[in-house]
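See structure below.
Excluded from the calculations below are hydrogen atoms, water molecules and symmetry mates; all remaining heavy atoms, backbone and side chain alike, are included. These numbers were taken from a predicted model, which means no experiment stands behind them.
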Amino acid sequence: MSSKRTAPPSAAAVDPPRRTGRRQQRIAATVLLTPFTALLIAVFLIPVGYAIYLSLFSEDHEGLGFGGGRTVFTGLRSYLSVVQDPSFLSGFGTIALYCVIFVPLVVISALALALLLDSGLIRLRRTAQMLVYLPHAVPGIIAAVIWLYLYTPGLSPVIKLFAQADITIDFLGLHTVLPSIVNIALWSGLGYNMIIFYAALQALPREVIEAATIDGAGGIRTALQVKVPIVRGSVVMVCMFSLIGALQLFTEPMLMNQATPMVNSRFTPNMYIYDAAFRRNNYGLASAASVILLIVTCVLSYAVTRWSGRRERREG
C-alpha cells in the first residue's frame, strides 16, 4: 500500500486569507474611529486652531475709539500682555490653592466611600449609591445658586442657626470664600468619583480578597494594602480629571462674584477669559489666555500620567 504525503499549503494559499483579515480589521477600525475623529476635529481641533488664529490679531480703533475698527496682525503681543498681567497670574494662584484643598479631599472622600460600600458594612447599598450620586445629577449652576442662598447672610437658615448658638460665620469672607467654593464642588463631584472607584473595586478578583482574609488581614488592612494599590490606576485618573476640572473653574465663582467683593471678575483664568472677551471685547487677549490655559492643562495632565507610569514601573 502506497501512502501519499500531503504537501503543506503554500505561502501563496495562506497570504490571501491573512490579507483579507487585515483588510477587514482596517475597515472595522476606520468605521469605529470615524465618528470620534470627526467629533475631535469639529469640537476640539478647529476651535483650538481658530483661537490660535484670533490670538495673533487685535482690533485697532481710530479716532479715540469712535472710528471704525480694523483687524491688525500683532503676533505674540497678546500672549505677552496675558503673562505680564498680574490678575491672570493671581488667577492661577487661586486655582493652585483650590487644587491643594479640593483634589485631596475629593479623592480621599470618594475612595473612602467606595471602600465602605465595597466592604458590605452599609446596608441598602443601591440606595446609598443613589443618595451620594444624586447631587451630581443637579446642574452645576443650580447647585451654585442653592449654596449661594445658604451662604448669603440674612437669607441662609444655616447662618441663622449658627447665630442662635452665638457662632458667627461669614461664608463669603476673605478667608472663607475659597473653602465655600470647594464645598460646592465637593458636594457635586463626590458621588461621580465614588462610582468610578466602586466600579473598579467591584472588578477586583475575589480570590485576592479571600487570600488576604485567610492570611489574617482585617477589613482596614485589606482595604489599604490590597484594594487601594490594585485600583491605583483609577486613583490617578480621578486625580487627573479633578485637576482638569479645577483649571476650568468658572460657574461657582462667577455667581459668587455677584454676592461678594472677595470674588472679582478675574478670580480664575476662565473668568479672566470671559472678562476679556465679553466685557472688554478683546478677543485676541481672550484667545491668547485660552491657549495658555490649554497648554498648562496639557502639561499638567502629561506630568501626572508620566509620574504615575514611572512609579508603576519602579514598583514593578
Can the ring centroids of Tyr192 and Tyr133 be said to lie less than 6.0 angstrom from one another?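 Judged by ring-centre distance (under 6.0 Å), Tyr192 and Tyr133 do not meet the cut-off.
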
For [X] and [Y], work out which heavy atoms get closest and say how close.
X: Ile196; Y: Met237; answer: CG2-CE, 3.5 Å
X: Ala289; Y: Val82; answer: N-CG2, 4.0 Å
X: Met262; Y: Gly173; answer: CG-C, 3.8 Å
X: Asn257; Y: Ser265; answer: ND2-N, 3.6 Å
X: Ile101; Y: Leu178; answer: CD1-CD2, 4.5 Å
X: Pro269; Y: Ile95; answer: CD-CG1, 3.5 Å

Passes side-chain contact (heavy atoms from CB on, under 4.5 Å), Leu117 versus Met194? Steps please. CA-CA 10 Å; Leu117 288 173; Met194 183 269 293; 3.4 Å; yes

Do Asn193 and Tyr198 meet the criterion of a side-chain donor-acceptor pair at a distance under 3.5 Å?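 No pair is found: no donor N or O on one side chain lies under 3.5 Å from an acceptor on the other.
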
The test is side chain to side chain donor-acceptor pair (under 3.5 Å); show your working for Asp85 and Ser87 and say whether it passes. CA-CA 6 Å; Asp85 192 336; Ser87 60; 2.8 Å; yes

Find out whether [X] and [Y] are in side-chain contact, i.e. whether some heavy atom of one side chain is under 4.5 Å from a heavy atom of the other.
X: Tyr274; Y: Arg279; value: yes
X: Leu300; Y: Val296; value: yes
X: Gln164; Y: Leu161; value: yes
X: Leu294; Y: Cys298; value: yes
X: Ile181; Y: Pro253; value: yes
X: Thr305; Y: Val236; value: no
X: Leu40; Y: Phe36; value: yes
X: Asn270; Y: Leu249; value: no

Restricting to salt bridge (Lys or Arg N to Asp or Glu O under 4.0 Å), what partner residues turn up for Arg280, sequence neighbours left out?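 Applying salt bridge (Lys or Arg N to Asp or Glu O under 4.0 Å) to Arg280 gives Asp275.
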
Given 3.5 Å as the limit, does a donor-acceptor pair link the side chain of Ser119 with the main chain of Leu116, or not?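 Indeed, once roles are kept as given, a pair shorter than 3.5 Å links the two residues.
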
How about [atom1] on [X], more than 12 heavy atoms from neighbouring residues, nucleotides or ligands closer than 6.0 Å, or not?
X: Leu45; atom1: CG; value: yes
X: Leu39; atom1: CG; value: yes
X: Phe92; atom1: CZ; value: yes

Ser180 side, atom OG; Glu252 side, atom CD - distance, nearest 0.5 Å: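 Result: 11.5 Å between the selected atoms.
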
Could you walk me through whether Ser55 and Tyr79 pass side chain to side chain donor-acceptor pair (under 3.5 Å), step by step? CA-CA 8 Å; Ser55 67; Tyr79 292 93; 2.7 Å; yes

Parallel, tilted or perpendicular, as decided by the 30° and 60° cut-offs, for the rings of Tyr53 and Phe57: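 It falls in the tilted class, 30° to 60°.
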
Checking ring-ring contact (aromatic ring centres under 6.0 Å, His included) between Tyr272 and each of Phe88, Phe278, Phe250, which is the one that passes?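 The single option meeting the ring-ring contact (aromatic ring centres under 6.0 Å, His included) with Tyr272 is Phe88.
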
